[in-house]
Every structure is written in structure tokens, then in C-alpha cells.
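The block underneath contains the structure these notes are about, expressed in C-alpha cells.
Order of the sequence lines sets the chain letters (A, B, ...), proteins ahead of strands, with each chain counted from 1. What you see is a predicted model; the values in this text were computed from it and never measured.
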Number of protein chains: 2
Amino acid sequence: MSEPRWLDAREMAAWQGFLLASNRVGHHLEQQLKEGSGLSHPQYEILVHLGEAPGGEIRMTELARSVVTSKSGLTYQVGRLEKRGLVRRRSCPTDVRGVYAVLTDEGRRVLEGAAPGHVAAVREALIDVLDDAELNLLAEGLGRVARRLDPDGEAAASGSDRGDERGD
Amino acid sequence: MSEPRWLDAREMAAWQGFLLASNRVGHHLEQQLKEGSGLSHPQYEILVHLGEAPGGEIRMTELARSVVTSKSGLTYQVGRLEKRGLVRRRSCPTDVRGVYAVLTDEGRRVLEGAAPGHVAAVREALIDVLDDAELNLLAEGLGRVARRLDPDGEAAASGSDRGDERGD
DNA sequence: ACGCTTTGATTCGAATTTGAACAACCCTAG
DNA sequence: CTAGGGTTGTTCAAATTCGAATCAAAGCGT
């Protein structure tokens, strides 16, 4: 811990690229979603997860783990979605405290309406800008980065990936 | 605009990796900065830019362009930094409306105190997790992605990079 | 059955972000 | 010189975020 190892030019470029790309892609998608379907990105993510879950319902806590926002943030966003009729709350039969978030028909409709524009935006902003090698890097390298910072278990499967592949 | 081109498995993995890594690295650094120096990431970025500017001062509008936040967001954060004595405001002599944000001695001290821990965190979270080839791809690929989404000039220099390299 | 520790979800207050509206000002064409 | 158009920075309200505190209920060992 003597003199800190500063970043050389290449490392700096990588860091700057990562930082800028994160922010700009984030803003770009936020924008697209908002004007395309009136959804924020957190909200869209919630709908996606619900749409893929069997029965279209997930417990709040589990949902909070799959999504970027905190627990209280999730309560807020689900409340918002509920007010728009895209999601419904159902209390868990086996656990009085438990609450399921359930995707309504209307919610599924909105989700399916929003998805094409969203993937198109993702392609335009990120995927289609990169070549094969670069795509692999994002998947492998950044996957590794993300996994190392996993708030949950430090003990990730030693295989190249975990089992929670989800769509978009 | 017929049937949208969905993401195949590899593209999906890349997108997920990028998204997760962005969020987790962001949170990680935010956390580290906050408890290391009581600075938020936006605030730290402001100090860095000021620290590299000649005379340690930059016009508000120019600063707003270099940083992630919006114009009003910048006003807020500079106000915050001013209250902590790390930044001072100075009105521009040639333009009455103009305002320079100026790094104070105390501000420079705090910046220099915060920098080592920050780069260490950046290394730990991102840089040191990737090998040489991956760093190069990251710099090139995400640099390209970021440049394409540049809110300012669509007309970027055709060279591989622009001239605004900044430290961290 | 009884305490005690965890867990599930919400509520609350404080901090932050954004875009729109605003007031003041610069500059250039005519 | 002077009106019009663009700039500059701030203010404002609304939306969102987070973490800590809260409250009820489940799980557990005895």
C-alpha cells in the first residue's frame, strides 16, 4: 500500500470508455423507454422478470434481488406499476407477510409492446456497434466483473456461468 | 420494421454482463468514495476536472458538459461542494453571467486524499479483473459506443480517439 | 408453549436528479 | 444603435433513490 499504482494510458482509456458507455447507454435507453411506453428502465426490468416467471408472479424480496433497485425502491416502483394497472399484488398463502407481484394482462400487453423498441435501442446503442470479439469480451469479461461484485453469495459456481439466465 | 431481431444467447449474455457490471461497479465505487472521503461520484468527478484544469477553474457550462449530470444538477453539486469549502465560485470578468468553479486548497487536499483509494477501487472492481487483450477491446469497443452516443458533435475526429484525455 | 433471532415488506425522511421556466446578459445583423 | 436570437446560470416542483427505522410474523432451540 505504498505509492498507489496509477492507471496507465491504456487502462485509463478502458476505464473512461466503460464509464462513458455506461452512462450514455443508460440515458439512451431510459429515454427510449420513456417515450416509447412511458416506462422507466427499473419498471421495464420488473415487468420483464415477471413476464418470464411461471405464473407471471414473483415474491417481492426475490424480485428485489434480480433487479437493480433496493428493497424500498422496489416497493415504490411496484406501487407505481400497480397504480397503472400493469401489476397486481397478491398476498402469499403460506406466509402472511409475503407478497407476490403479479403481472396483469394489461401489464403483459404493455411489456410486449415495449420490448421490440427496447431491443432495437439496445442493438443500436451497443450490440450492433461491437464485433464478435468485443461481444464475447462483454459477455465473459464483464460477466466476470459483475460476478465478483455480486452482493449475494461470494461462492459462485466455478463453471463459466450461473444458472439464472434471463431474457430481455 | 417487421419482426424485431431479438438477441441471441451470446448477445444477451453480453448485454446482461454490460448492464450488471455497470450497475455493480457504479455502486461499488460510489460506496468506496463515500466512506473514504465523504464524496459522491459526481462530486469526485467535478474535483478531478477542476484539478486538471489550468488555474483549477472551469466555467459552469463547460464543466457540465464534461460531467454526467445535467446543468441544474451541476449547480446543485457545486453548491454542495462550496458549502464544504472544496470549491469556490468566481464570476467571470468578461461575461457577467459567467461563473467559474474554482478548486480551493482544501479541495485539492481532499481530492489528493481521495484519489488513491478511488483508483485502487477501480482496479479492484474492473481493471485488474481483465487481462491485456480484454482491456484493449474494452477501450476500443466501449470507446466507440460512447462516442456514437455523444450528446454533442456527431462530427467526431476520424482518428481513433479524441483529444480530451483526462486523468482520474 | 416460550423467548429470541431472523425475515418480509412497508414507511419515513433526507438527498439527489431532471426538465422546464426564468431572468439576465451577450452578440450580431440591419 | 437596437431588436432578435441564443447563452448562462439558477430556481422550482416533481419524481426517484437510498438507508434506517418499524412492525408483524415465521423459524428455531429448549
Within a reach of under 6.0 Å around CG of D8(A), are more than 12 heavy atoms found that belong to other residues, nucleotides or ligands?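 It does: D8(A) CG has more than 12 such atoms within range.
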
Heavy-atom neighbours of D131(B) CG exceed 12 at 6.0 Å: yes

Would you kindly check whether a donor in the side chain of S72(A) faces an acceptor in the base of dG19(D), or vice versa, at under 3.5 angstrom? yes

Looking at the side chain of [X], which of [options] is the nearest nucleotide?
X      : options                   : value
R59(B) : dT17(D), dT10(C), dT8(D)  : dT8(D)
T61(A) : dT17(C), dT18(C), dA9(C)  : dA9(C)
R80(B) : dT10(D), dT10(C), dT16(C) : dT16(C)
V99(A) : dT10(C), dA26(D), dT10(D) : dT10(C)
V96(A) : dT18(C), dA26(D), dT17(C) : dA26(D)

Whole angstroms only, please: what is the [atom1]-[atom2] distance between [X] and [N]?
X      : N       : atom1 : atom2 : answer
R97(B) : dT7(D)  : CZ    : C1'   : 5 Å
R90(B) : dT8(D)  : CZ    : C1'   : 16 Å
Q31(A) : dT17(C) : CD    : C1'   : 14 Å
R89(A) : dT10(C) : CZ    : C1'   : 9 Å
E30(B) : dT17(D) : CD    : P     : 14 Å
H41(B) : dA15(C) : NE2   : C1'   : 18 Å
Y76(B) : dA13(D) : OH    : P     : 16 Å
L39(A) : dT16(D) : CG    : C1'   : 15 Å

What does S40(A) touch in the nucleic acid at a heavy-atom separation under 4.0 angstrom: a base, only the sugar-phosphate, or nothing? nothing

What contact category does G98(B) fall into here, base, sugar-phosphate, or nothing, at under 4.0 angstrom with non-hydrogen atoms? sugar-phosphate

Below 4.0 angstrom, N of the basic side chain to O of the carboxylate: do R5(A) and D128(B) qualify? yes

Do the charged groups of R109(B) and E106(B) touch, with an N to O distance under 4.0 Å? yes

Mutual orientation of the aromatic rings belonging to W15(B) and H41(A) [parallel < 30°, tilted 30-60°, perpendicular > 60°]: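 Answer is perpendicular, since the angle exceeds 60°.
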
Please determine whether a side-chain nitrogen or oxygen atom of Q77(B) lies at a distance below 4.0 Å from atom OP1 or OP2 of dA15(C). no

On DNA chain D, does the nearest nucleotide to D95(B) precede the nearest nucleotide to H27(B) from the 5' side, or the other way round? Give the residue.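 Comparing both residues, the 5'-ward one is D95(B).
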
